Q: 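The structure under discussion is supplied below as structure tokens; questions concerning it will follow.
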Amino acid sequence: MSLDPRRTAPGVDPRLARLATPDAPRFWAGVLFGVASAACAIGLTWASGYLISASALRPPILTLMAVIVTVRAFALGRAALRYGERMVSHDAAFRMLARLRVGVFERLIPGAPASLSRVGRGDLMSRFVSDVDDLQDLPLRVWQPLLTSLVTAAGTTVLLACISPRSALALALALLGAGVLGGLVPERAHREATERIAPARAEQSEQLLGMLDHMDVLVAYDAAEDAEAEAGRLAARQSRLDRSSATVQGLTDLALTAFAGVAVIGAIWAGGTDLQAGAFPGAWLAVLVLVPLSVFDVFEQVPTAVVAIDRVRSAASRIAEVIDAHGAADDPAAATGEHPDIPDHPGFHALELRDVTIGWPDGPAVASRIDLDLHPGETILVTGESGAGKSTLAATLVRFLDHRAGDIQLDGRDVRALGGDRVRRTIGLCEQRPHLFASTVRANLLLARPATEDADLERMLRRVGLDELVDTRDGLDTEVGEQGELLSGGQVQRLALARALLAGFPAIVFDEPTANVDPELADALLVDLLSTARQPDASGRAPAVILMSHDRVPARLVDRHLHLAGGALHEVAGAAPAID
Ligand SMILES: Nc1ncnc2c1ncn2[C@@H]1O[C@H](COP(=O)(O)OP(=O)(O)OP(=O)(O)O)[C@@H](O)[C@H]1O
């Protein structure tokens with residue numbers, strides 16, 4: 001285990017602990033400011049206690065003046081240093097949070113869509129937002145307060161020992177008792193609630209999101225009231241868990257206050273005894289009584305920090321579940337966290353599949369004995385009955401799914417060694433239901449090539465047959481709606497093709513582009529999409545195309561025809577199935 005507290009997190013996946021590590025200068029500056037500010041707070045109590053009782057003895061005015069200046073210095077120092085501590089430690093935490101969120105997101109990508117589809121959207125959102133937020137507490141709410149409290153408590157006890165060893169002993173015993181009863185006991189009491197809170201929160205988001213997304217279906221089937229009742233039940237469970245957590249917190253605070261009282265009574269008794277023995281001047285007694293109170297002000301962060309460790313651990317294991325859910329180890333980028341530069345337009349010479357078996361994680365093999373070769377400029381049609389495995393093959397070709405067996409080589413290199421990002425820069429996918437962001441046509445296109453001028457975007461829209469969007473609606477500012485619901489199925493497919501062409505993929509896989517289009521329009525749309533995709537660009541190159549479809553395709557547009565049936569891919573002699 002590392003000795004650097006920034007990296008030490010019992011029970012936290014080391015990859016996540018590494019991501020949740022703030023940079024050393026800011027972290028240690030935060031701790032230093034924290035300790036200095038706590039020291040000023042205790043010094044303030046110390047000096048003002050002394051000032052009040054010493055004044056009663058009418059010491060020389062210069063002595064009093066010196067103490068008054070000290071009181072002011074501690075008061076100003078406490079506020080200024082506290083401000084510095086907040087600034088530095090929050091700056092460190094926010095910088096770390098930005099790295100952490102990006103890091104977690106990058107590790108989620110290789111699992112999309114195959115493995116992540118097993119986690120609900122609400123649950124995933126809760127892991128990505130709330131759990132990542134909880135994970136950032138590790139330096140800010142665990143290590144920093146623990147270090148500050150322990151250093152301050154130890155330092156003050158040693159100083160007190162110089163005046164009255166018995167008072168120092170009383171304070172040390174009270175702090176020990178508070179540490180055990182206020183720290184370790186609530187940690188145990190909290191553990192169960194902490195372990196239940198995050199999954200309950202995820203279930204609640206999942207249910208709410210589902211209810212809002214499918215309100216129309218719930219209303220249509222008269223099930224909205226049941227869904228509302230379920231939402232109420234989940235909310236009540238959440239508040240029960242929150243209440244039990246708050247009760248433990250309240251009892252802990254009570255225990256701490258009681259121990260602060262014990263420390264004061266102990267100081268009066270022990271200090272009084274030492275005073276009678278003439279160990280120190282009488283004016284110091286006020287200091288011995290008041291200082292333990294301000295030590296406890298600082299020490300009260302300990303139970304919160306101890307409890308936060310459990311929250312961090314539970315959040316880390318929930319995040320690790322989703323970043324471990326896929327074969328990240330197979331993906332060089334995901335495994336190392338390094339991101340090799342991928343050229344914008346990698347070359348493409350050949351995609352070769354040999355005796356490949358495909359399937360979804362934890363499911364049976366969908367098809368095997370798949371042999372396929374794709375070269376620049378070629379168009380291959382893959383047909384198959386519904387459920388034969390066309391979408392599974394498409395997901396495997398762009399490495400959303402890992403193949404189970406066999407060999408897939410892109411330009412002579414094993415795709416597992418290349419990594420998903422590199423494969424997807426070469427082979428683009430136009431899915432059955434292409435994902436469009438609820439924004440404008442422009443925003444959806446710029447995703448593929450961010451710096452493209454409007455004129456080029458409009459040219460591309462015309463090229464894919466979306467003249468109507470350019471001319472009669474709001475042009476590039478046309479809103480596409482949630483999942484493209486303001487566009488027709490054909491328009492969504494054309495927009496997806498425009499995006500793929502803008503991205504300049506050397507090869508494109510179309511997965512049933514006409515699945516959501518009226519049958520009478522499907523043939524024409526397919527011909528249009530295929531002819532457009534096959535047109536050479538300005539540099540004279542046209543992408544290679546693999547088309548998964550059970551609609552008719554003119555023979556002239558297809559070089560080879562393969563058929564997926566009975567769990568295997570067969571070559572069909574005589575080109576395309578049905579012709580114009
Ligand atoms: N995300 C998924 N997770 C697990 N199994 C899946 C997933 N998607 C599809 N399958 C399963 O894989 C098998 C092949 O389905 P696939 O969608 O690849 O067939 P298809 O030929 O594309 O069918 P269709 O023409 O109806 O889209 C089916 O048994 C299906 O249940």
Side-chain angles (χ1 to χ4, degrees), residues 108-124 206 210 213 321-322 324-328 330 353 356-372 374 380-406 408 420 423-424 427-435 483-484 489-490 492-493 496-497 508-519 521-523 525-526 529-530 545-553 558 560-572 576-578:
L108 285 176
I109 293 172
S115 309
L116 291 187
S117 56
R118 283 179 296 171
V119 183
R121 279 201 309 147
D123 189 358
L124 191 60
E206 181 76 19
D213 272 356
E321 264 169 35
V322 285
D324 280 344
H326 49 78
D330 297 337
L353 281 74
V356 168
T357 302
I358 57 174
W360 295 88
D362 305 331
V366 171
S368 51
R369 287 176 280 127
I370 296 176
D371 290 301
L372 189 153
L374 181 73
I380 296 178
L381 170 69
V382 178
T383 51
E385 296 293 311
S386 179
K390 300 182 294 298
S391 300
T392 312
L393 178 60
T396 310
L397 290 174
V398 294
R399 226 178 152 242
F400 278 152
L401 265 186
D402 275 331
H403 51 292
R404 298 264 177 94
I408 304 185
V423 172
R424 286 187 287 275
I427 309 172
L429 174 65
C430 289
E431 306 104 309
Q432 216 169 63
R433 289 188 199 87
H435 182 84
Q483 295 287 352
V492 168
Q493 286 298 339
L497 173 61
I508 300 178
V509 177
F510 287 97
D511 181 15
E512 302 242 24
T514 48
N516 301 310
V517 177
D518 284 347
L521 298 177
D523 288 358
L525 175 68
L526 208 53
L529 291 176
L530 217 48
V545 173
I546 296 182
L547 170 67
M548 315 281 175
S549 176
H550 42 219
D551 281 311
R552 304 186 309 159
V553 185
V558 175
R560 263 196 330 283
H561 172 207
L562 304 169
H563 188 66
L564 201 49
L569 188 66
H570 312 275
E571 180 108 25
V572 179

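Remember, it's 1-based here, ligands and their atoms both numbered in the order they're listed. This structure is a prediction, so every number in the text was calculated from the model and none was measured. Just so you know, these numbers use all the heavy atoms, side chains as well, and skip hydrogens, waters and symmetry mates.
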Q: Please tell me if the side chains of Gln493 and Thr514 come closer than 4.5 Å, counting only heavy atoms from C-beta onward.
A: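 Side chain of Gln493 against side chain of Thr514, heavy atoms only: no contact under 4.5 Å found.
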Q: Taking only heavy atoms of Thr392, which atoms of ligand 1 are found under 4.0 Å from at least one of them?
A: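 In order of numbering, the contacting atoms are 12 (O), 14 (C), 15 (O), 16 (P), 18 (O).
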Q: Would you indicate whether the side-chain heavy atoms of Ile358 and Leu401 approach each other to under 4.5 Å?
A: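 Leu401 does not reach Ile358 side chain to side chain.
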Q: Counting heavy atoms only, which of Ala367, Ser386, Pro361, Ala365 is nearest atom 26 (O) of ligand 1?
A: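 When every heavy atom of Ala367, Ser386, Pro361, Ala365 is considered, Ser386 comes closest to atom 26 (O) of ligand 1.
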Q: Asp511 versus ligand 1: do any nitrogen or oxygen atoms come within less than 3.5 Å of each other?
A: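 Asp511 vs ligand 1: no N/O contact under 3.5 Å.
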Q: So, for Lys390 and Thr383, which heavy atoms are closest and what is the spacing to 0.1 Å?
A: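 Nearest pair, atom of Lys390 first, then Thr383: CD-C, 4.0 Å.
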Q: Any idea which part of Met548 is under 4.0 Å from ligand 1, heavy-atom wise: side chain, backbone, both or neither?
A: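 For Met548, there is no contact with ligand 1 at all, from either part.
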Q: Would you mind listing which atoms of ligand 1 come within a distance below 4.0 Å of any non-hydrogen atom of Ala388?
A: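 Ligand 1 atoms under the 4.0 Å threshold to Ala388: 19 (O), 21 (O).
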Q: With a 4.5 Å cut-off on side-chain heavy atoms, are Leu393 and Leu353 touching?
A: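 Yes, at least one pair of side-chain atoms sits under 4.5 Å.
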Q: For a 4.5 angstrom cut-off between non-hydrogen side-chain atoms, does Thr396 reach Ile408?
A: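 A side-chain contact exists here, since the closest heavy-atom pair is under 4.5 Å.
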Q: Can you find an N or O of Val366 that's nearer than 3.5 Å to an N or O of ligand 1?
A: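 Checking ligand 1 against Val366, no N or O pair falls under 3.5 Å apart.
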Q: Take atom CZ of Arg404 as the centre, draw a 6.0 Å sphere, and report whether it contains more than 12 heavy atoms from other residues, nucleotides or ligands.
A: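 Above 12, so yes.
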Q: Relative to the heavy atoms of Glu512, which atoms of ligand 1 are at a distance of less than 4.0 Å?
A: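 By the 4.0 Å cutoff, the relevant atoms are 24 (P), 25 (O).
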Q: Numbering the atoms of ligand 1 from 1, which are under 4.0 Å from a heavy atom of Glu385?
A: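 Contacts of ligand 1 toward Glu385, numbered from 1: 21 (O).
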Q: Would you say Gly363 touches ligand 1, if touching means a heavy atom closer than 4.0 Å?
A: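 No, Gly363 has no heavy atoms under 4.0 Å from ligand 1.
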Q: Is Gly387 close enough to touch ligand 1? Criterion: a residue heavy atom under 4.0 Å from a ligand atom.
A: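 In this structure, Gly387 qualifies as a contact of ligand 1 - some heavy atom is under 4.0 Å.
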Q: Report yes if the side chains of Leu547 and Leu526 come closer than 4.5 Å at any heavy-atom pair, otherwise no.
A: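 Yes, their side chains come closer than 4.5 Å.
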Q: Can you name the nearest heavy-atom pair linking Leu564 to Ala367, along with the distance?
A: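 In this case the closest contact between Leu564 and Ala367 is CD1-CB, 4.1 Å.
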Q: Need the ligand 1 atom indices (1-based, order shown) with element for anything under 4.0 Å from a heavy-atom of Lys390.
A: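 Counting from 1, the qualifying ligand atoms are 18 (O), 19 (O), 20 (P), 21 (O), 22 (O), 25 (O).
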